[in-house]
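For reference, the structure discussed in these notes is given below.
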Amino acid sequence: MLTLTANDIRLGARATDWKEALAQAARDLEQAGYTTPDYLDGMMTRERQSSTVLGHGIAIPHGTPESRGAVVATGVRVLQFPDGITWHDGARVHVLVAIAAQSDEHLDILRHLTRVLDTPDLPDTLSRITDAGDLAARLSRTPVTPKCDRETLCLGVAATSPAELALVAAARLHRLHCIDTGFLARIAEQNPIDLGRGFWLSHHTEGARHPALALATPATPTPGLQGVFCLAAPRDAADELLERIDHILAGNAPMDRLDAEAWLAGMSGEAGPAVTATVTLLNHPGLHARPAKHLVQEARRHNAHIRIRLLEGDGPAVSATSLTRVIGLGARRGQTLRLSATGEDAEQAIAALTRAIHEGLGEAVAPLATAETRATHADLEPPAPLVDDQPIKAVAASPGLALAPAFVMRPPTLTYPDTANDGAEQIRRLQQALKDAAGQLQTLIRQAEGGEAAPILSVHVEMLRDEDLYQAAVEAIHEGASAEAAWWRAIETAARAQETLADRVLAERAADLRDVGRRVLANLCGAALPTPPDTPYVLVAEDLGPSDVARLDLTRVRGLVTARGGATAHSAILARALGLPAVVGAGERVLTLADGTDLVVDGERGCLVANPGRERRERIHRRLEHLSALQARAHECRHQPATTTDGHTVEVCANLGNTAHTPDAVARGADGVGLLRTEFIFMAHPEAPDLETQVHEYRQAFAALDGRPLVARTLDVGGDKPLDYWPLPREDNPFLGMRGIRLSLSRPDILETQVQALLTAAGDRPLRIMFPMVKDVAEFRAARAIVDRVQADVPVADLQVGVMVEVPSCALLAQSLAPEVDFFSIGTNDLTQYTLAIDRGHGTLSAEADGLHPAVLRLIRMTVEAAHDHGRWVGVCGELASDPQAVPVLVGLGVDELSVTSRRVPLVKACIRNLDLATARRQAHRALSLATAAEVRDALEAG
Ligand code: PEP
Ligand code: MG
């Protein structure tokens with residue numbers, strides 16, 4: 001996705017010729033830290049191969065695959081040349097979108113830009129924009145792809161009237177989260193409109209969350225009733241979908257009324273009697289500008305009307321003579337293009353285009369490997385290998401440092417036939433493979449019992465039971481596919497649909513789907529999943545599914561590296577819980593590592609180094625020795641209080657998501673549980689746990705705590721934490737939407753049951769309840785009223801009720817909250833996110849979401865002052881409390897309790913014991929006076 005900020009843009013650039021402009025672009029990329037100086041050579045070579053001008057005044061200079069070694073991180077810089085420059089192909093260019101891409105990410109950027117190019121007068125506008133933010137917004141416009149695909153087709157429905165079919169179609173859109181229940185009600189109230197030729201239309205603009213078109217057709221031929229369309233789209237987004245209906249009305253309805261492919265072809269404008277062909281794209285970086293130009297030139301040579309469509313996905317057919325449209329398909333290697341042509345030269349045109357695509361559209365191409373490697377994208381252009389002793393930037397996912405030989409988990413090569421003609425046998429095989437997979441997962445769940453992976457594995461078992469997935473595979477088997485091909489197709493379709501969701505966490509579920517899908521596929525092929533060595537190693541993988549993590553032998557694995565994924569991917573969450581140093585999103589290059597290559601994983605700085613040189617190796621060993629000595633000492637003293645050298649004690653508690661981990665937290669020296677993320681208990685159940693189940697869960701924690709306090713946060717779902725059985729309306733901005741206490745107050749029954757369970761479980765033991773995401777005292781009062789109500793019936797001996805300070809308004813208004821709350825616990829993860837306006841899980845920006853930013857520190861100080869003025873205590877339970885640099889500052893600001901991942905408890909305690917309060921206060925004071933997080937860190941490092 002192309003997300004630009006004003007900082008990525010340089011306005012008012014000037015150059016005497018295109019070469020100088022290109023050199024400036026290379027310099028800007030380098031200065032932004034994306035490339036090394038060598039990248040300019042790659043960009044030059046690329047221009048020599050063919051111009052990177054897209055048209056409409058935009059060029060997209062980038063390097064060649066060979067120059068990827070000069071790419072440090074994927075990124076884009078935009079240069080505006082108001083006077084224009086004449087490019088070497090004669091085109092006039094006003095904007096350079098210079099791209100540094102480690103793999104094929106630039107394809108997405110290209111696809112994005114093709115949407116921008118639809119605007120008339122674009123070159124003129126681009127040359128005159130004087131506000132970098134404007135230009136960023138214009139280039140970053142997010143395209144909304146209307147949904148109209150296999151999933152929105154309801155073919156052969158047992159219904160005989162347009163009204164019934166309209167409801168079926170609307171219900172499908174509802175299930176796909178494209179409409180809300182209000183829309184459903186409106187469709188139920190209205191009569192479909194007769195469009196002629198047996199087609200009908202139900203349409204409404206209100207309640208449409210995502211533009212979509214569904215079609216329902218009757219099971220038995222019914223006079224005057226071929227099908228009913230249900231259109232959900234605001235007026236400005238309806239045109240593209242109405243065009244699809246027009247194509248059907250123009251005579252493109254298929255003869256075989258149950259053939260989904262034929263309906264989609266008809267709707268996309270492929271005329272009935274057209275000459276058609278499907279061809280697989282073989283170009284390594286996909287259908288980028290150069291091969292697309294070749295394709296368009298070939299299409300223009302023929303006297304035919306040629307359209308082209310990407311079979312994987314839900315886009316319409318586009319004209320094969322439009323360069324921007326063809327690039328806009330965003331086709332990747334291994335995907336299938338469907339060509340259709342009408343007109344005098346239709347046959348020749350299709351034959352020529354098929355040949356051209358097959359031959360690589362002017363580029364050297366290699367045939368595809370097996371079906372499985374195609375499905376997992378493993379056959380993209382081989383990425384450049386890692387250079388010895390050179391750090392590679394990635395996303396820091398879990399702190400710590402490791403140096404060990406790499407074990408690269410390569411998915412097994414699974415070969416299988418695409419087709420089969422014994423449908424019943426294929427279904428039997430699929431059922432057996434599913435059953436085996438469920439058995440294997442149950443075994444893994446037992447092995448992972450009590451661990452963080454267990455709930456995720458349970459979700460996998462649910463996925464295996466998904467009726468829609470199974471039906472999609474069975475349908476494909478009926479159409480002649482083998483069990484393997486049918487199953488993988490079903491998984492890929494579902495995973496891709498998941499990936500298109502705006503919600504990042506839901507989109508990351510695609511990895512879970514593929515993970516569970518591969519397990520079934522391996523069973524079908526009788527293949528074993530890869531086994532790691534029995535000596536210490538760093539695990540390197542494209543992405544790690546939870547079942548991979550559950551299989552990890554923690555006595556040997558020293559660190560994790562993944563090519564894909566962000567900081568919120570399950571692999572990252574699990575790595576943190578397991579205390580394994582990890583970096584994620586390191587790019588496909590890490591997969592080129594040979595097994596046994598020494599690899600440094602620096603989970604603190606977010607980088608990795610292959611084959612470190614002697615000096616670096618010595619440095620790493622020194623750091624490792626220092627760390628392990630520190631850890632050993634800290635472990636020995638873990639049960640002693642965390643008291644500074646001048647006698648000030650700070651409580652150090654543990655953050656838990658699973659009550660079964662409480663004994664472990666206590667064994668590590670935790671003074672209590674400072675944050676029980678109760679939503680994980682809810683997530684581990686297929687439906688909301690009832691009172692009894694919750695009481696049982698919380699009792700486990702109280703029993704293990706043996707009189708130490710338990711701070712339980714009430715259910716915090718929404719935003720980054722979805723709950724499958726509590727579907728939330730799709731929101732453009734879920735982090736600013738229904739989450740935390742807002743959501744709980746909308747279902748007070750759930751909150752009340754939870755509070756009742758906590759109070760019942762507590763009895764005479766110390767219980768602290770806190771509400772997440774509170775913005776002001778009104779919200780606190782509403783939530784507290786529920787606690788008061790329950791407390792009248794369920795008395796407890798030692799209860800305190802507080803709020804989490806996660807929203808800046810809560811800190812700013814701490815003086816008005818403090819008289820009413822018993823305590824504050826500062827959730828620095830969210831507080832930082834909302835204060836700095838940086839999505840905490842953002843793939844690239846999240847590194848800047850630093851809780852040591854003076855703006856966040858000032859909010860912490862305000863909270864502490866307000867609390868202490870009223871005799872209340874303050875904890876910090878966000879990740880900042882685990883950060884060794886931040887601990888003195890937090891202590892110096894007067895924080896009374898730090899709550900951290902269990903594994904960090906001994907270290908944080910040790911760190912406090914080394915402090916004296918006066919120095920900590922001085923450090924905090926200094927930090928507050930600085931202007932940026934970097935300045936704070938520099939000052940702390942300087943001491
Ligand atoms: C926080 O926001 O800092 C916090 C502890 O809550 P969570 O990370 O669960 O949102
Ligand atoms: Mg939070």
Side-chain angles (χ1 to χ4, degrees), residues 397-399 452 455 503-505 566-570 572-574 576-577 652-658 661 665 670 672-684 710-723 734-744 768-775 779 783 802-811 823-842 846 849-853 855-857 859-860 863 874-883 886-887 890 895 897-902 904 908:
S398 174
E452 311 287 333
D503 184 305
R504 191 188 57 251
V505 174
T568 58
H570 276 138
I573 295 167
L574 290 168
R576 278 195 290 272
V652 179
C653 296
N655 287 351
L656 292 185
N658 186 336
H661 292 177
V673 169
L675 166 65
L676 176 64
R677 289 182 161 106
T678 57
E679 57 279 0
F680 287 106
I681 295 168
F682 279 65
M683 284 175 196
L710 168 75
V711 184
R713 168 177 68 196
T714 59
L715 190 59
D716 182 22
V717 288
D720 58 340
K721 302 186 197 96
L723 200 52
F735 275 114
L736 301 181
M738 282 303 263
R739 62 169 302 203
I741 196 65
R742 298 170 193 173
L743 193 61
S744 291
R768 319 278 171 252
I769 294 181
M770 62 184 181
F771 307 113
M773 304 296 304
V774 169
K775 71 172 189 315
E779 261 172 356
V803 294
M804 284 190 78
V805 179
E806 300 181 283
V807 182
S809 64
C810 190
F823 68 96
F824 290 110
S825 180
I826 306 177
T828 45
N829 306 339
D830 276 314
L831 186 63
T832 307
Q833 152 167 276
Y834 294 123
T835 305
L836 303 184
I838 294 180
D839 179 342
R840 61 193 264 183
H842 194 286
S846 59
D850 189 338
L852 273 180
H853 195 286
V856 180
L857 297 180
L859 293 173
I860 298 178
T863 310
V874 181
V876 169
C877 60
E879 292 302 310
L880 192 66
S882 301
D883 180 337
V887 171
L890 295 176
V895 169
E897 178 236 39
L898 297 176
S899 192
V900 302
T901 322
S902 290
R904 309 263 321 165
V908 171

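Counting convention: from 1, in listed order, for ligands and their atoms alike.
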inquiry  = What I want to know is whether E679 and ligand 1 share at least one N or O pair that is separated by under 3.5 angstrom.
reply    = no
message = Using a plain distance cutoff, I'd like to know if E879 has any nitrogen or oxygen under 3.5 Å from a nitrogen or oxygen of ligand 1.
response = no
N/O separation below 3.5 Å, T828 to ligand 1 = yes
inquiry  = How long is the straight-line distance from CZ of R677 back to OG1 of T714, given to the nearest 0.5 Å?
reply    = 13.5 Å
request  = Tell me which part of L831 gets within contact of ligand 1: side chain, backbone, both or neither, using heavy atoms under 4.0 Å.
outcome  = neither
message = Distance check, rounded to the nearest 0.5 Å: C653 atom SG versus L676 atom CG?
response = 12.5 Å
ask   = Atoms of ligand 1 less than 4.0 Å from D830 heavy atoms?
value = 1 (C), 2 (O), 3 (O), 10 (O)
key: Nearest non-hydrogen partners of E806 and Y834, listed with the distance   = O-CD1, 3.3 Å
request  = Quick one: report the N, O or S atom of D830 that is nearest to the Mg ion (ligand 2).
outcome  = OD2
key: Proximity flag R713 to ligand 1, non-hydrogen atoms under 4.0 Å   = yes
query = If every non-hydrogen atom of S902 is compared with every non-hydrogen atom of L656, which pair is closest and at what distance?
reply = OG-CD2, 3.6 Å
query = Counting each atom of ligand 1 from 1 as listed, which ones have a heavy atom of L675 under 4.0 Å away?
reply = 5 (C)
CG on D716 to CD on E679, rounded to 0.5 Å = 5.0 Å
message = Measuring from atom CZ of F771 to atom CD of E779, what distance do you get when rounded to the nearest 0.5 angstrom?
response = 11.0 Å
key: Nearest-0.5 Å distance, OG1 of residue T835 to CD1 of residue I860   = 9.0 Å
message = Please determine whether E806 has a backbone or side-chain N, O or S atom lying under 2.8 Å from the Mg ion (ligand 2).
response = yes
